[in-house]
Amino acid sequence: MQPFQRRNDMILQETWRTGHPTRIHRLSRSTASVTDTPLLVANRTHMTFTIAIDGPAAAGKGTVGRRLAARFGYAHLDTGLLYRATGRRMLEGLDAVEAARSLRRTDLDAPGLRTPEVGQAASRVAAIPDVRQALIDFQRAFASRSGGAVLDGRDIGTVICPEAEVKLYVTATDEVRAGRRHSELVAAGEDITYDEVLQDLRQRDARDSARAAAPLKPAGDAVVLDTSQLTIEQAVAAAIAQVLRVQGG
Ligand code: DC
């Protein structure tokens with residue numbers, strides 16, 4: 001069975017009737033943010049398929065998301081980068097809400113976004129409702145883009161894309177996540193201990209879970225993927241299997 005088959009049927013029916021797919025309604029037109037990007041330009045003849053991946057810090061969401069995107073030919077958005085870029089600009093002295101509202105596509109490619117310091121700043125700005133609001137349109141436009149999209153973050157299945165066809169909640173024990181993140185950071189040249197990484201993750205997870213605005217939690221209809229005992233290949237295979245199940249393949 002071809003990818004998109006179920007969604008195709010629905011979208012094409014709607015397209016014949018109305019001239020454009022109805023899922024376009026998911027694009028809110030209120031406050032455009034993340035400027036200088038063609039992603040906000042809606043394609044009215046496209047077909048969509050959204051994979052939403054949520055979970056705590058360093059659980060493997062990014063790896064699973066990138067690999068799913070490559071496997072199915074979809075675009076991938078690491079939404080943590082939006083908050084990291086906003087947090088970084090706050091550390092430079094900007095007001096957090098202003099930073100989010102004026103975020104540009106190129107800010108997501110800035111160096112240094114992966115450091116623990118920027119991660120903490122990201123977690124802090126992410127608790128501000130107006131910051132989250134400023135980033136919603138960009139994420140929903142990305143999710144609705146032609147050809148399928150994978151988004152990973154904390155609130156993708158619950159708030160950004162509650163209608164996503166596939167929802168995964170990727171998790172692992174604190175110790176496993178800290179070990180993986182520590183190896184990554186050391187490989188990237190960071191001078192940081194395992195214990196510091198563990199404390200950093202726990203602090204962020206606690207803040208991200210306890211905040212009132214779009215807290216970290218699995219969507220009611222998410223499939224939980226605990227990667228504690230899995231290799232990357234096994235985790236990716238499980239995620240691919242879930243997508244294929246939904247697509248009827
Ligand atoms: O995925 P990450 O570790 O790069 O995210 C950094 C912080 O950004 C995270 O601690 C919480 C916040 N975040 C969020 O609140 N919502 C998202 N969809 C993605 C990230």
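Order of listing sets the numbers, starting from 1, for every ligand and every atom in it. This structure is a prediction, so every number in the text was calculated from the model and none was measured. Excluded from the calculations below are hydrogen atoms, water molecules and symmetry mates; all remaining heavy atoms, backbone and side chain alike, are included.
Listed for the Asp54 side chain is no donor-acceptor partner under 3.5 Å among the backbone atoms of Tyr169.
In this structure, Arg114 pairs ionically with Asp78, as a charged nitrogen and a carboxylate oxygen lie closer than 4.0 Å.
Scanning for side-chain hydrogen bond (donor to acceptor under 3.5 Å, both in side chains) contacts around Arg88 gives an empty result, with sequence neighbours left out.
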Would you mind writing out the side-chain donor-acceptor pairs for residues 59-69 within the sub-3.5 Å range, not counting sequence neighbours?
unit_1, atom_1, unit_2, atom_2, d
Lys61, NZ, Gly55, O, 3.3
Lys61, NZ, Pro56, O, 2.9
Arg67, NH2, Glu233, OE1, 2.8
Arg67, NH2, Glu233, OE2, 3.0

Show the atom names and distances, to 0.1 Å, of all donor-acceptor pairs under 3.5 Å that link a side chain in residues 184-195 to residues at least two apart or in another chain.
unit_1, atom_1, unit_2, atom_2, d
Glu184, OE1, Arg181, NE, 3.0
Thr193, OG1, Glu196, N, 3.1
Thr193, OG1, Glu196, OE1, 3.4

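At a heavy-atom cutoff of 4.0 Å, ligand 1 is surrounded by Thr79, Gly80, Tyr83, Arg84, Ala122, Ser123, Ala126, Arg132, Gly153, Arg154, Asp155, Arg204, Asp208, Arg211.
By the neighbour-count criterion of 12 heavy atoms within 6.0 Å, atom CD of Gln229 is sparsely surrounded, having that number or fewer from other residues, nucleotides or ligands.
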